[in-house]
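Here the structure comes first, spelled out in structure tokens, and everything after it is commentary.
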Amino acid sequence: MDIVRFNNCLADSSKGIFNEEFYKYCVVKFKIYVMHMFGNKIDAEETAFDIFHYKIFLIKNYSYVLLPNRWLFKVARNYVLDKLKSDKKYRSLIENIDADRVYEDYLERADLKQALRKLEKRPLQVIWLHYFGGYKFKEISQTLGITAKSASNICKSAAKKLNELLS
């Protein structure tokens, strides 16, 4: 979908006009993001629908979007962060991060996968959220219930350990 078409559909949805093509385009993008965040297909579909319904279709203040994909991922990220902060169901998904599941889509290097398996749970969570989820340390601290400085220190020490394991 090109930029002009995307913005026309977004303007229509702000007026309450439903466009199936626009819906499918947005939901696919949201599912991709949520799948990478949680690795759970059922939650991804449900969350993608919620993001479209609550953040796109009910949008009141429409403004022209220059980079639709980036904007959609930002909307999805903000929605997921809000859910993580408020909903125990989503928080439990973060608690169940598993090195094999999370990194299989991202990494081709077997030695890096092996090194990640040697990390403890908390460093693995912080590394995943920061490097693969794109979270800032403040957001990680809110999600995991630790201070931002602790998140930063955990990430640095985990990165150092990974470097040692890989050398």
Side-chain angles (χ1 to χ4, degrees), residues 1-107 116 121-122 124-148 150-152 154-155:
M1 180 174 290
D2 67 5
I3 295 171
V4 174
R5 178 86 176 119
F6 178 87
N7 280 284
N8 289 339
C9 290
L10 187 59
D12 288 346
S13 72
S14 71
K15 297 172 190 167
I17 301 169
F18 181 80
N19 181 317
E20 182 131 0
E21 175 194 10
F22 182 62
Y23 169 78
K24 287 179 181 176
Y25 179 79
C26 292
V27 168
V28 165
K29 300 292 183 187
F30 296 149
K31 277 188 202 175
I32 291 168
Y33 180 79
V34 176
M35 276 293 291
H36 282 294
M37 289 297 292
F38 300 127
N40 183 326
K41 196 172 195 172
I42 295 168
D43 284 326
E45 291 178 16
E46 184 180 309
T47 304
F49 171 78
D50 289 347
I51 295 169
F52 181 82
H53 180 73
Y54 294 114
K55 297 296 182 183
I56 304 295
F57 193 66
L58 298 177
I59 195 169
K60 299 291 183 229
N61 299 328
Y62 162 73
S63 61
Y64 194 82
V65 176
L66 292 175
L67 302 168
N69 287 340
R70 181 182 285 177
W71 185 80
L72 288 172
F73 282 111
K74 188 174 182 181
V75 167
R77 181 175 182 267
N78 290 339
Y79 184 85
V80 168
L81 283 174
D82 290 343
K83 287 299 255 182
L84 283 170
K85 292 172 191 170
S86 65
D87 193 338
K88 290 182 181 177
K89 173 184 169 186
Y90 288 92
R91 188 175 300 271
S92 70
L93 290 171
I94 292 294
E95 292 297 323
N96 293 322
I97 289 174
D98 177 89
D100 292 325
R101 187 192 81 212
V102 170
Y103 298 107
E104 67 188 15
D105 293 337
Y106 293 102
L107 302 175
L116 288 167
K121 186 175 187 172
R122 184 64 67 172
L124 181 61
Q125 291 171 330
V126 173
I127 289 283
W128 179 73
L129 289 169
H130 184 65
Y131 290 109
F132 295 92
Y135 285 55
K136 295 175 174 54
F137 292 123
K138 183 177 180 183
E139 296 164 335
I140 293 170
S141 71
Q142 293 168 342
T143 303
L144 298 179
I146 59 177
T147 66
S150 293
S152 173
I154 291 169
C155 190

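One is the number of the first residue; the rest follow in order along the sequence.
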Please tabulate, one pair per line, all N/O donor-acceptor pairs under 3.5 Å involving side-chain atoms of residues 15-26, not counting sequence neighbours.
unit_1 : atom_1 : unit_2 : atom_2 : d
N19    : OD1    : E21    : N      : 2.9
N19    : OD1    : F22    : N      : 3.1
E21    : OE1    : R5     : NE     : 3.4
E21    : OE1    : R5     : NH2    : 2.8
Y25    : OH     : N69    : OD1    : 2.7

CD1 of I127 to CG of L116, rounded to nearest 0.5 Å, is 7.5 Å
Interatomic distance, CD1@I140 vs NZ@K136, rounded to 0.5 Å, equals 10.5 Å
CD1 of I154 to CD1 of I146, rounded to nearest 0.5 Å, is 4.0 Å
Rounding to 0.5 Å, atoms NE2 (H130) and CZ (F137) come to a distance of 4.0 Å
Smallest heavy-atom separation, A148 atom then S141 atom, equals N-CB, 3.4 Å
All heavy atoms of C155 vs all of V126, minimum pair found to be CB-CG1, 3.7 Å
Taken to the nearest 0.5 Å, the spacing of S150 OG from R122 CZ works out to 9.5 Å
Tightest non-hydrogen contact, residues Y79 and Y54, listed as OH-CD1, 4.1 Å
Closest non-hydrogen atoms of N7 and V65, given as atom of the first, atom of the second and distance, are OD1-N, 2.6 Å
In this structure, CG of L10 is separated from CE of M1 (nearest 0.5 Å) by 10.5 Å
Tightest non-hydrogen contact, residues I3 and L66, listed as CD1-O, 3.3 Å
Smallest heavy-atom separation, L72 atom then F30 atom, equals O-CE2, 3.2 Å
